[in-house]
Amino acid sequence: MITRKSIVIHAPLKTVWKVQTDVENWPAWQPNVTALVRDTPGALRSGSVFRWATEGLDITSTVKKAEHDKCLAWDGPAQGIDAIHVRTFTPTADGVLVRTEESWTGAPVVANTAYLQAALDNSLQNWVNNLKHEAEAQAAK
């Protein structure tokens, strides 16, 4: 299953990118992220690993693509669900269009598709809303 969401954020691209890629600070603006530890020091890049907790799941993610100011993709297997997260960033006349896409596969998804699809839809909508709020607040400082 897959969910796609998009939102225009009224903030500079560098601010939106910084908020999204500063994974260690996700718990500060993403209420459902309760813990996060980076295993790979330095700038977030392909191969970077971070461990995080959200919605009662402990997830170890690996960055698959980090194209500065353009695209960030990572995986995140947890409890039999294989998740792939992709965020793209496109400058617009009044900010940045952020497109997010997340797919889940695995036995739990097959067993309870309707429930998990609703959970994924809700989670992704909350994510983009929270990203917008945080990036616009930082841009206003």
Side-chain angles (χ1 to χ4, degrees), residues 1-40 42-141:
M1 68 186 185
I2 192 164
T3 293
R4 293 176 183 91
K5 301 286 181 184
S6 61
I7 199 163
V8 173
I9 300 175
H10 304 286
L13 177 57
K14 68 178 186 166
T15 302
V16 177
W17 178 259
K18 179 183 178 292
V19 171
Q20 179 64 70
T21 60
D22 186 6
V23 296
E24 289 172 306
N25 282 319
W26 285 359
W29 59 271
Q30 203 52 262
N32 292 332
V33 176
T34 55
L36 198 141
V37 175
R38 287 193 51 188
D39 291 347
T40 308
L44 204 61
R45 61 194 179 280
S46 293
S48 292
V49 175
F50 56 95
R51 293 175 286 119
W52 54 305
T54 185
E55 303 290 342
L57 300 172
D58 292 321
I59 304 167
T60 299
S61 290
T62 303
V63 174
K64 299 301 182 185
K65 183 176 184 179
E67 189 175 347
H68 190 76
D69 288 345
K70 293 182 182 176
C71 181
L72 179 67
W74 69 94
D75 67 5
Q79 295 183 347
I81 298 173
D82 292 313
I84 298 175
H85 313 255
V86 180
R87 307 282 191 271
T88 58
F89 307 84
T90 306
T92 67
D94 59 348
V96 179
L97 174 63
V98 177
R99 290 185 180 100
T100 183
E101 179 177 297
E102 188 169 340
S103 64
W104 288 0
T105 58
V109 174
V110 172
N112 203 350
T113 302
Y115 174 80
L116 290 175
Q117 182 69 63
L120 177 56
D121 292 347
N122 186 53
S123 172
L124 217 47
Q125 187 63 58
N126 288 336
W127 191 282
V128 295
N129 290 343
N130 292 337
L131 176 61
K132 177 180 176 71
H133 177 78
E134 180 65 17
E136 289 177 355
Q138 286 192 22
K141 289 182 182 176

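Atom set for the values below is all heavy atoms of this structure, side chains included, hydrogens, waters and symmetry mates excluded.
Donor-acceptor pairing under 3.5 Å is recorded for the side chains of Thr100 and Arg87. Side chain to side chain, Gln125 and Asp121 fail the donor-acceptor criterion of an N or O pair below 3.5 Å.
Annotation: the span from Leu124 atom CG to Asn129 atom CG amounts to 10.0 Å, rounded to 0.5 Å.
A salt bridge between Glu67 and Lys65 is present, with a side-chain N of the basic residue lying under 4.0 Å from a carboxylate O of the acidic one.
With Thr40 contributing its side chain and Val49 its backbone, the two residues share a donor-acceptor pair below 3.5 Å. Side-chain atoms of Asp82 never come within 3.5 Å of backbone atoms of Gly106 as a donor-acceptor pair (strictly under, hydrogens ignored). Between the side chain of Trp26 and the backbone N or O of Gln20 there is at least one donor-acceptor pair closer than 3.5 Å. Formation of a donor-acceptor pair under 3.5 Å by the His10 side chain with backbone atoms of Asp94 is found in this model. Between the Glu101 side chain and the Val86 main chain, no donor and acceptor come within less than 3.5 Å of each other. Formation of a donor-acceptor pair under 3.5 Å by the Thr21 side chain with backbone atoms of Trp17 is found in this model.
Side-chain contact between His85 and Trp127 is absent, with no heavy atoms from C-beta onward closer than 4.5 Å. For the pair Asp39 and Val37, the minimum side-chain heavy-atom distance is below 4.5 Å. In this structure, the side chains of Gln30 and Asn32 stay at 4.5 Å or more apart for every pair of heavy atoms. The shortest distance between side-chain heavy atoms of Glu136 and Ile9 falls below 4.5 Å.
Across Ile81, Thr3, Ile2, a single residue satisfies side-chain contact (heavy atoms from CB on, under 4.5 Å) together with Trp104, and that is Ile81.
For NZ of Lys18, the number of neighbouring non-hydrogen atoms (other residues, nucleotides, ligands) closer than 6.0 Å is 12 at most.
Taking the six-membered ring for Trp and thresholds of 30 and 60 degrees, Trp52 and Phe50 have ring planes inclined between 30 and 60 degrees apart.
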